[in-house]
Undergrad: 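Once you've had a glance at the structure underneath, I'll fire off some questions.
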Amino acid sequence: MTTVTLTSPAISCMHCVRTIKTELAELGGVARVEADANTKVVTVDFEAPATQAEIVAKLAEIGYPAE
Ligand SMILES: [Cu+2]
């Protein structure tokens with residue numbers, strides 16, 4: 001299991017948090033998603049077939065580009 005911590009400044013409220021959790025949880029291999037509207041931090045636990053690149057791409061696709 002790999003944990004990645006990303007910052008996505010577009011996270012502004014609990015709705016954003018819910019969207020991110022729902023969308024990332026749909027990726028195969030994603031085990032846990034935490035997102036915080038105050039710190040703008042997204043933490044994801046994942047394993048194959050999920051990849052960090054896939055998670056970052058999904059965040060960008062749904063409007064929360066991460067670094
Ligand atoms: Cu929001």
Side-chain angles (χ1 to χ4, degrees):
M1 188 74 67
T2 302
T3 300
V4 64
T5 302
L6 302 161
T7 301
S8 184
I11 303 171
S12 60
C13 70
M14 289 308 295
H15 179 259
C16 302
V17 169
R18 180 182 292 257
T19 300
I20 288 167
K21 285 188 170 188
T22 301
E23 293 287 338
L24 291 187
E26 287 177 0
L27 299 177
V30 171
R32 185 179 69 97
V33 182
E34 296 296 336
D36 190 301
N38 295 315
T39 63
K40 321 297 185 189
V41 170
V42 181
T43 305
V44 184
D45 292 346
F46 67 95
E47 58 192 4
T51 64
Q52 180 167 339
E54 181 184 24
I55 290 164
V56 169
K58 173 59 80 172
L59 284 169
E61 178 188 323
I62 63 175
Y64 301 99
E67 46 200 53

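In what follows, residues are counted from 1 in the order of the sequence shown. Ligands are counted one by one from 1 in listed order, and the atoms in each one are counted from 1 as well. Worth knowing before you read on, the calculation uses all heavy atoms, side chains too, and leaves out hydrogens, waters and symmetry mates.
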Undergrad: Check whether any side-chain heavy atom of D36 lies under 4.5 Å from a side-chain heavy atom of I11, and answer yes or no.
TA: no
Undergrad: Are V42 and I55 side-chain neighbours, meaning at least one heavy-atom pair lies under 4.5 Å?
TA: no
Undergrad: Tell me the salt bridge (Lys or Arg N to Asp or Glu O under 4.0 Å) pairs involving residues 39-50, sequence neighbours left out?
TA: R32-D45
Undergrad: List in chain and number order the residues that pass salt bridge (charged side-chain N to carboxylate O under 4.0 Å, His left out) with E67, two or more places apart in sequence or in another chain; answer none if no residue qualifies.
TA: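 For E67 there are no salt bridge (charged side-chain N to carboxylate O under 4.0 Å, His left out) partners, ignoring immediate neighbours.
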Undergrad: What donor-acceptor contacts under 3.5 angstrom involve side-chain atoms of residues 14-26, with partners at least two apart or in another chain?
TA:
from : atom 1 : to  : atom 2 : distance (Å)
T19  : OG1    : H15 : O      : 3.0
T22  : OG1    : R18 : O      : 2.9

Undergrad: Just wondering, do L27 and E54 contact through their side chains at under 4.5 Å, heavy atoms?
TA: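 The answer is yes, as the side chains (C-beta and beyond) meet within the 4.5 Å cut-off.
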Undergrad: Could you pull out the N/O/S protein atoms under 2.8 Å of the Cu ion (ligand 1), ignoring any water?
TA: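 For the Cu ion (ligand 1), the protein N, O and S atoms that sit under 2.8 Å away are C13 SG, C16 SG.
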